[in-house]
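Only one structure is covered here, and it is reproduced in the block below.
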Amino acid sequence: FKMYLQPKYSITKNEIIGAEALVRWQHPERGMIYPNEFIPIIEENGFIKKLDYYMWEEVCRFIKKCLLDNVACCPISVNVSRIHLQNDDCIYVLSELIKRYDIPKSLLELEITETVDDPQVSMMALHLKEIGYTLLMDDFGSGYSSLNILLETPFDMIKLDKKFVENMMVSSKGRIILEQVVLMANQLNLGILAEGVETKEQIEQLKRMGCDQVQGFYYARPMPNEAFFTLLEKQNRQA
Ligand code: C2E
Ligand code: CA
Ligand code: CA
């Protein structure tokens, strides 16, 4: 397994403001295998916990390297499978990693996917939030109860699902909905980021609507951590 990092950009600053860690499976014969092919299976058999712990540690290691090399690091988010939210294990694992690598909590952000409105998930999220983690609501707009979850769960930021952004942009009705979601996020003091942005037109529309943070192929694809490190170094030199 290998950690890839996909940069998140600010449209107005035109610079990297964060990254998301995404797993890749480098199979000796079959080549690169993407997570959609194996995550559902390992979520069934429980192996997802081990894989996520590995990814979280890789991110901590990366952040530590930046700190040691004096390269200004941005927050990096990890995916937290909902399997973790069934008990407290993940809290201990995260605390132990933060302590062992001696990195600020603020640089490790947690992405939680909105699914059904589940009190257990809200409770765990609340707990994580109380001990100082930044919580990102992943795939906003892909489910049915996004708005309920926003009320119940103390997220810091919403990540608009790729399909949601695409669907909403192609009609005037959709654009009103998208604009109002951006407005709502602002009024709730929530950060907002659009995922899967691929075109200049999307960037311009998002900018006009006041959604400044984006992640998508338009700016950069997920890349090996070494390549992301080089990008950060370059940005540091330009600053
Ligand atoms: P996600 O968390 O919604 O991650 C975003 C996905 O969108 C990534 O797919 C990314 O490569 C892709 N993407 C980003 N920008 C664009 C774009 O402009 N166009 C298109 N077509 N795609 C774009 P990826 O890496 O294949 O991951 C798929 C899903 O697998 C992720 O969706 C996430 O739910 C899950 N996943 C990935 N890595 C991990 C992990 O380490 N742990 C867990 N639990 N889940 C993971
Ligand atoms: Ca994610
Ligand atoms: Ca997503």
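Since the structure is predicted, the reported quantities are computational estimates derived from the model, not experimental observations. Remember, it's 1-based here, ligands and their atoms both numbered in the order they're listed. The residues of the chain are indexed from 1 along the displayed sequence.
- Residue Glu198 has at least one N or O atom closer than 3.5 Å to an N or O atom of ligand 1.
- For the Ca ion (ligand 2), the set of nearby N, O or S atoms under 3.0 Å includes none belonging to Glu195.
- In Arg221, neither the side chain nor the backbone holds a heavy atom less than 4.0 Å from any atom of ligand 1.
- Within the 4.0 Å heavy-atom shell around ligand 1 one finds Arg24.
- Heavy-atom separations between Glu20 and ligand 1 include at least one value shorter than 4.0 Å.
- The N/O atoms of Gln215, backbone and side chain alike, include none that comes under 3.5 Å of an N/O atom in ligand 1.
- Contact between Lys162 and ligand 1 is present, with at least one heavy atom of the residue lying under 4.0 Å from the ligand.
- In this structure, the side chains of Glu201 and Met169 stay at 4.5 Å or more apart for every pair of heavy atoms.
- A centroid separation of 6.0 Å or more is found between the aromatic rings of Tyr133 and His127.
- Looking at Val23, Leu22, Ile42, Val197 and measuring to atom 4 (O) of ligand 1, the nearest heavy atom belongs to Leu22.
- Atom OD1 is the N, O or S atom of Asp138 at the shortest distance from the Ca ion (ligand 3).
- For Asp139, the N, O or S atom with the smallest separation from the Ca ion (ligand 3) is OD1.
- Taking backbone and side chain together, Asn79 holds an N, O or S atom under 3.0 Å from the Ca ion (ligand 2).
- Between the Ca ion (ligand 2) and the N, O or S atoms of Glu20, the shortest distance is to OE2.
- Aromatic rings from Phe38 and Phe1 are positioned such that their centres are separated by under 6.0 Å.
- The existence of a salt bridge linking Lys200 and Glu204 is confirmed by a sub-4.0 Å separation between a basic side-chain nitrogen and an acidic carboxylate oxygen.
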